[in-house]
Enquirer: 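Sending over a structure as structure tokens; questions will come in a sec.
So you know, we letter chains A, B, ... as the sequences are listed, proteins then strands, and number each from 1. Predicted model only: the values in this text are computed from it and were never measured. Side-chain atoms are counted along with the backbone in the values below, which use heavy atoms only and exclude waters and symmetry mates.
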Amino acid sequence: MSHAANNDASKGLVVKQAGPLALIQDAGRFGVGHLGVTQGGAADWISFRWANWLLGNAPNSAALEIVMGGGLSFETESEVRLALTGADLDAQLDGKPLAPNASFTLLPGQRLVFRQPRQGLRAYLAFPGGLNAPEVLGSRACTAREQLGGLHEDGKPLKVGDRLTWKGAAPTVRRIAAGQGPQMPASNCHLPIVLGSQVAAFSGRSLFQAFNQPWTVDNRADRMGVRLTGPALHGTLTGIISEGIPLGAVQIPPDGQPIVLMNDRQTIGGYPRLGALTPIACATLAQCLPGTQVWLTPVSASQAQEDYRKQLTVWR
Amino acid sequence: MKPGIETTQIEAIRIKIRIETAAMDALMVRLFDTIDEANMAWVIAADQALRCAFGAALIDLVPSYTTLLVHYDCQQMNHAEALGLINKTLSGLEPADTQAGELHDIPVWYDESVGPELPLVAKRAGLSVDELIQQHCNHDYCVFALGFAPGYGFMGLVDEALATPRLKTPRRKVAAGSVGIADRQTAIYPLLSPGGWNILGRTNVPLFEYAKRGEPLFRPGDKVRFRAISREEFEADGGDTTPMEERP
């Protein structure tokens, strides 16, 4: 199978109805944290990697991160092979359910619709060779707050009439073996956390509570941070001098309710932290609907790195 | 050592450097415990040394007032190796030449329509609005850190008398170019964003034209001097005189 590369802007995927949030994302914007620019990138980077893998794309190829669904729909102007991974958003092709974690062909005249979350929160839609989008500071990641990235370079989500085009020709079609592929989190899932030095400032009781009872994912959750609710955690530090914030940092503001800082977090901040969720845990949390119960499970940095490296081997 | 909370101390010439685990693949280098302009020479020196030492294994390096967050590529080195490299790089660290920082002249239109907290800050300081403006302009502020938003520089230290706590309820929209004070810090909002600082005026100087320059106007260690201009000058420069709509 060989088709010419689709660089013709008149042949694209057109947004017929906009949902609550669909953003162009890649792996993120790195090496710019010292400029005050946030990392961005796919929140569930594991599902994102699988989506690109299914089409034989380079791992950092720009794809769509679709949150909730909410009626988001597309029509294509030319035949295209797409890959869909991550959350089950009750996606339908001309009214027929689409299998998750697989690639499929979309033909002109057909309509692709994302309805509502049935499992997980964020779906990833990959395109042959990756989406065309302007590269800003080394990345195509879209961050609304910073007005960076996206089709119109304003960081805004997809809207009706937007036309997506892609870089590649016919992709290599791959299939995910049974038992592999992204797993959507179940309630009472474990989120590995690497402890930071500020844990010493929390009371013994608070530390016991932090790791020995479930936390509830709050509805105050977005790409910047996810609030967890449970017993209030207290320590001797109320604020610290602002310092760099790593991905997954679990900060404890004065109300004692943790906020996990995600991809679009501010680069520096001044609340004390328990530590940071591992990147794998961040991907899990990014798929948790409000109300999901999660456990913070301490892990050493070395063990977390071992698990991370093992995860990366699945795409080799 | 317990996993995840080890602290390493290495001897530098005059400062004690602590290295703490911050995340799976990030270490926090802690140089100081208080905010001081004199810190900047050390933070800048550590920043340069670490960038050099880590090279392609560095994913991000975020310096702040007293710390540097080192995010390294754990596919290229493990936790112990990163810790060792920081230790080796920073032993015998010498402060950088802070005179190397740029001095920026920032024209500001101080007016209640675009700087609604002018009267509040003046009243707290026991000054007239004109005296407050003069005081705010009468100092070369040090850029301590960039963060919060692209190109947003945390500057200080503002005269003790002018120090004003953040608004109880942050504004949902602070106009781009707004110049504000929070405690003993001052800053300019690079783009329209929410914020809780006390706003005194507005500048038309672009802080981060990433398409044109690729990097922000300010760098840590730079100095900033504000200069009061009239509405006419501000407008002639293309400044946006739309009043701040939302009141706290």
Enquirer: Between A:Trp45 and A:Tyr308, is the ring centroid distance below 6.0 Å?
Expert: yes
Enquirer: Which atoms of B:Leu146 come close to chain A, meaning under 4.5 Å heavy atom to heavy atom: side chain ones, backbone ones, both, or neither?
Expert: both
Enquirer: Heavy atoms only, distances under 4.5 angstrom: which of B:Leu61, B:Asp25, B:Leu58, B:Asp47 has the most pairs with chain A? Name it, please.
Expert: B:Leu61
Enquirer: If we define contacts as heavy-atom pairs under 4.5 Å, which of A:Ile241, A:Leu247, A:Thr267, A:Leu148 has the most with chain B?
Expert: A:Ile241
Enquirer: Can a donor-acceptor pair be found between the side chains of B:Lys223 and B:His139 at a distance below 3.5 Å?
Expert: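 Distance-only check fails for B:Lys223 and B:His139.
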Enquirer: At a 4.5 Å cut-off on heavy atoms, which part of B:Ser193 comes close to chain A: side chain, backbone, both, or neither?
Expert: neither
Enquirer: Counting the benzene-type ring for Trp, do B:His104 and B:Phe218 have ring centres under 6.0 Å apart?
Expert: yes
Enquirer: Pick one of side chain, backbone, both or neither for A:Arg309, based on which atoms fall under 4.5 Å of a heavy atom in chain B.
Expert: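 Interface part for A:Arg309: side chain.
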Enquirer: Fit a plane to each ring of B:Trp197 and B:Tyr152, take the angle between them on a 0 to 90° scale, and name the class: parallel (under 30°), tilted (30 to 60°) or perpendicular (over 60°).
Expert: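 Ring orientation, 0 to 90° scale: perpendicular.
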Enquirer: Do we see a donor-acceptor contact under 3.5 Å between the side chains of A:Asp154 and A:Gln147?
Expert: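 No - no donor-acceptor pair under 3.5 Å links their side chains.
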Enquirer: With chain B as the partner, which of A:Gly275, A:Gly244, A:Ala276, A:Pro298 has the greatest number of non-hydrogen pairs under 4.5 Å?
Expert: A:Gly244
Enquirer: Can any side-chain N or O of A:Gln305 pair as donor or acceptor with the backbone N or O of B:Met24 at less than 3.5 Å?
Expert: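 It does hold such a pair.
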Enquirer: Which one wins on heavy-atom pair count under 4.5 Å against chain B: A:Glu243, A:Glu146, A:Gln266?
Expert: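 When all of A:Glu243, A:Glu146, A:Gln266 are compared, A:Glu243 has the most.
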Enquirer: Which bit of A:Leu35 is near chain B, if near means a heavy-atom gap under 4.5 Å: side chain, backbone, both or neither?
Expert: both
Enquirer: Where on B:Asp33 is there a heavy atom nearer than 4.5 Å to chain A: the side chain, the backbone, both, or neither?
Expert: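 Just its backbone gets close to chain A.
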Enquirer: Which region of B:Ala80, side chain (C-beta onward) or backbone (N, CA, C, O), has a non-hydrogen atom less than 4.5 Å from a non-hydrogen atom of chain A, or is it both or neither?
Expert: neither
Enquirer: B:Phe144 versus chain A, heavy atoms under 4.5 Å apart: side chain, backbone, both or neither?
Expert: neither
Enquirer: Of all of A:Leu137, A:Leu277, A:Thr278, which one pairs up most often with chain B through heavy atoms under 4.5 Å apart?
Expert: A:Leu137
Enquirer: Given a strict heavy-atom distance threshold of 4.5 Å, which part of B:Ala149 is in contact with chain A: side chain, backbone, both, or neither?
Expert: backbone
Enquirer: So what's closer than 4.5 Å to chain B heavy atoms on A:Gln198: side chain, backbone, both or neither?
Expert: side chain
Enquirer: A:Thr165 and A:Asn132: side-chain donor and acceptor closer than 3.5 Å?
Expert: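 A:Thr165 vs A:Asn132: donor-acceptor pair found between side chains.
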Enquirer: Nearest 0.5 angstrom please: A:Trp53 CH2 to A:Trp315 CH2, how far?
Expert: 11.0 Å
Enquirer: Look at A:Arg140 together with A:Asp26 and state whether they make a salt bridge at an N to O cut-off of under 4.0 Å.
Expert: no
Enquirer: Check this for me: does any side-chain nitrogen of one of B:Glu160 and B:Arg184 sit under 4.0 Å from a carboxylate oxygen of the other?
Expert: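 Salt bridge present between B:Glu160 and B:Arg184.
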Enquirer: Quick one: which of B:Val62, B:Ile59, B:Asp60 has the most heavy-atom pairs under 4.5 Å with chain A, could you say?
Expert: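 If we count pairs closer than 4.5 Å to chain A, B:Asp60 comes out on top.
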Enquirer: For A:Ile240, is it the side chain, the backbone, both, or neither that has a heavy atom closer than 4.5 Å to a heavy atom of chain B?
Expert: neither
Enquirer: Using non-hydrogen atoms and a 4.5 Å limit, figure out which bit of A:Arg273 sits close to chain B: side chain, backbone, both or neither.
Expert: side chain
Enquirer: Report which part of B:Ile35 has an atom under 4.5 Å of a heavy atom belonging to chain A: side chain, backbone, both, or neither.
Expert: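 Both parts, backbone and side chain.
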Enquirer: Judged by modelled atom types alone, do B:Thr242 and B:Asp240 share a side-chain donor-acceptor pair under 3.5 Å?
Expert: yes
